[in-house]
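Order of listing sets the numbers, starting from 1, for every ligand and every atom in it. FYI, side chains are in, hydrogens and waters are out, and symmetry mates aren't considered; it's all heavy atoms of this structure.
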Amino acid sequence: MSLRLTVHRGTRQVGGCCIEIAHPAGDRLILDAGRPLDAPDGATGLLPQSLDRSHPATVLISHPHQDHWGLVEELPPAWPIWTGSGSAKLIAATADITRHPLTRTFQTWHSRSGSFAIGPFVVTPILTDHSAFDAYMLLVEGAGKRILYTGDFRRHGRKSVLVDRMMGNPPPNIDVLVTEGTNLGSDKPVTTEAELEGEFVDLFRRTGGRVFVAWSAQNIDRTVTLYRAAKRTGRMLVVDLYTADVLDRISPGTGVPRPGFSNLKVVVTKGLGNYYRRLGMEDFIERMVPYGISAKKLVGGRHVAMLRRALIADYQRSGVVPTADDAFNFSMWRGYLSEPDVAEVLEWCQARGAEVAYIHTSGHASPADLRAFAAAIRPRVTVPVHGVKWDEELQGFGTIRRLADAEMMVVR
Ligand SMILES: [Zn+2]
Ligand SMILES: [Zn+2]
């Protein structure tokens with residue numbers, strides 16, 4: 001009798017991850033309960049049909065991106081849910097800002113927790129490099145077998161050393177490597193987060209006026225990159241209340257910039273301010289006031305200022321409108337440019353003559369790094385997930401077991 005592995009969803013798509021590991025004793029672990037990226041807003045009943053909800057299971061969430069945790073509210077209430085301590089805070093921040101406060105609570109591990117037992121399983125969360133903060137690979141041992149799930153990872157972010165170290169001293173005797181393959185099929189080179197910092201420095205130096213930047217508040221690596229580039233060029237980084245909220249929640253005990261750091265201010269806008277007051281978070285707004293800057297202060301300034309659609313109305317009311325002296329940088333995946341909210345932001349800057357730049361790097365490993373990682377781990381079998389180009393890109397991953405969604409595999 002051995003472990004049984006079932007990828008309920010994710011063998012042929014990016015996101016919506018849900019992976020089951022069943023022990024011969026009957027215990028089950030579920031790795032991720034992700035929302036499919038193409039699920040319409042408000043849609044429910046999205047857990048994979050093949051996931052048996054009539055028996056107990058324990059859920060492990062690899063990292064705080066919704067395509068890995070977005071269905072936790074649909075899980076049976078009796079199932080315990082585990083994730084990293086930082087990840088739990090970011091999931092709560094997302095739930096609060098989207099006004100779907102969580103009813104579920106998480107049990108948490110810390111990045112230095114090491115291994116712990118869940119029933120007959122031994123679980124080792126391994127902190128890794130990804131565009132999400134507090135992202136983990138998960139090593140699961142049971143019934144004499146060892147399965148390593150990569151979650152989402154890369155090797156060119158600010159924590160790349162974690163992946164390099166793991167490759168230099170890989171966990172031995174991995175029977176199955178369940179690996180993501182988001183960037184397979186693209187040959188575009190990946191820029192490191194450190195190289196991005198240099199590109200931002202160049203942009204900040206050649207721009208006479210302000211630099212507006214659109215980036216994800218939860219992409220902490222990018223916030224750090226922007227903060228450092230702003231500091232190097234004598235500019236102030238201005239974040240919105242939501243980004244300040246995210247930094248305020250996760251930065252204690254880390255070196256991550258936060259409200260109170262030099263070169264960082266929080267633009268307290270009416271829209272987001274009212275939003276947080278309605279959430280009952282007046283104390284948070286009060287705490288941010290000493291680090292606040294009014295939108296009016298951005299008029300004629302040289303700030304590096306966060307920009308998203310929700311800020312445009314507040315900016316305009318305060319006289320903040322892009323000019324030909326300003327620049328706009330879109331620092332997220334290009335695919336989002338077709339979304340109306342993002343297109344509006346781009347148009348707002350472009351129509352007024354601001355230089356438009358695209359400085360960004362992927363949150364996922366390059367095809368070369370995916371293959372180098374698999375080669376370093378030397379698993380007996382590789383199971384592909386979280387990608388759409390796997391079938392054309394199977395070479396270089398050793399022995400592959402190409403599962404279908406919901407197909408059960410006995411780990412031998
Ligand atoms: Zn993902
Ligand atoms: Zn992710």
Student: I'd like to know if Glu286 and Arg277 make a salt bridge, using a cut-off of under 4.0 Å between side-chain N and carboxylate O.
Tutor: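 No, this pair does not count.
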Student: To make sure I understand the geometry: which N, O or S atom in His130 is closest to the Zn ion (ligand 2)?
Tutor: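 Per the distance ranking, His130 contributes NE2 as its closest N/O/S atom to the Zn ion (ligand 2).
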Student: How open is the angle at the Zn ion (ligand 2) from atom ND1 of His65 over to atom OD2 of Asp152, rounded to 10 degrees?
Tutor: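 For ND1 of His65 and OD2 of Asp152, the angle centred on the Zn ion (ligand 2) reads 160°.
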Student: For the Zn ion (ligand 1), does an N/O/S atom of Asp67 lie at less than 2.8 Å?
Tutor: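 Yes.
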Student: Is Arg146 salt-bridged to Asp175, going by a charged N under 4.0 Å from an acidic O?
Tutor: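 Answer for the salt bridge query: no.
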Student: Decide, yes or no, whether a salt bridge links Arg155 with Asp164 under the criterion of side-chain N to carboxylate O below 4.0 Å.
Tutor: yes
Student: For a distance under 2.8 Å, tell me if His63 has an N/O/S atom near the Zn ion (ligand 2).
Tutor: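 Looking at His63, which is the residue asked about, there is an N, O or S atom under 2.8 Å from the Zn ion (ligand 2).
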Student: Within rounding of 10°, what is the angle whose vertex is the Zn ion (ligand 1) and whose arms end at NE2 of His386 and NE2 of His68?
Tutor: 100°
Student: Over 60° means perpendicular and under 30° means parallel, so classify the ring planes of Tyr315 and Phe212, tilted if in between.
Tutor: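 Taking Tyr315 first and then Phe212, their aromatic rings sit tilted (interplane angle of 30° to 60°).
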Student: So, Arg287 and Asp283, do they make that salt bridge, N to O below 4.0 Å?
Tutor: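 Salt bridge between Arg287 and Asp283, a charged N being under 4.0 Å from a carboxylate O: no.
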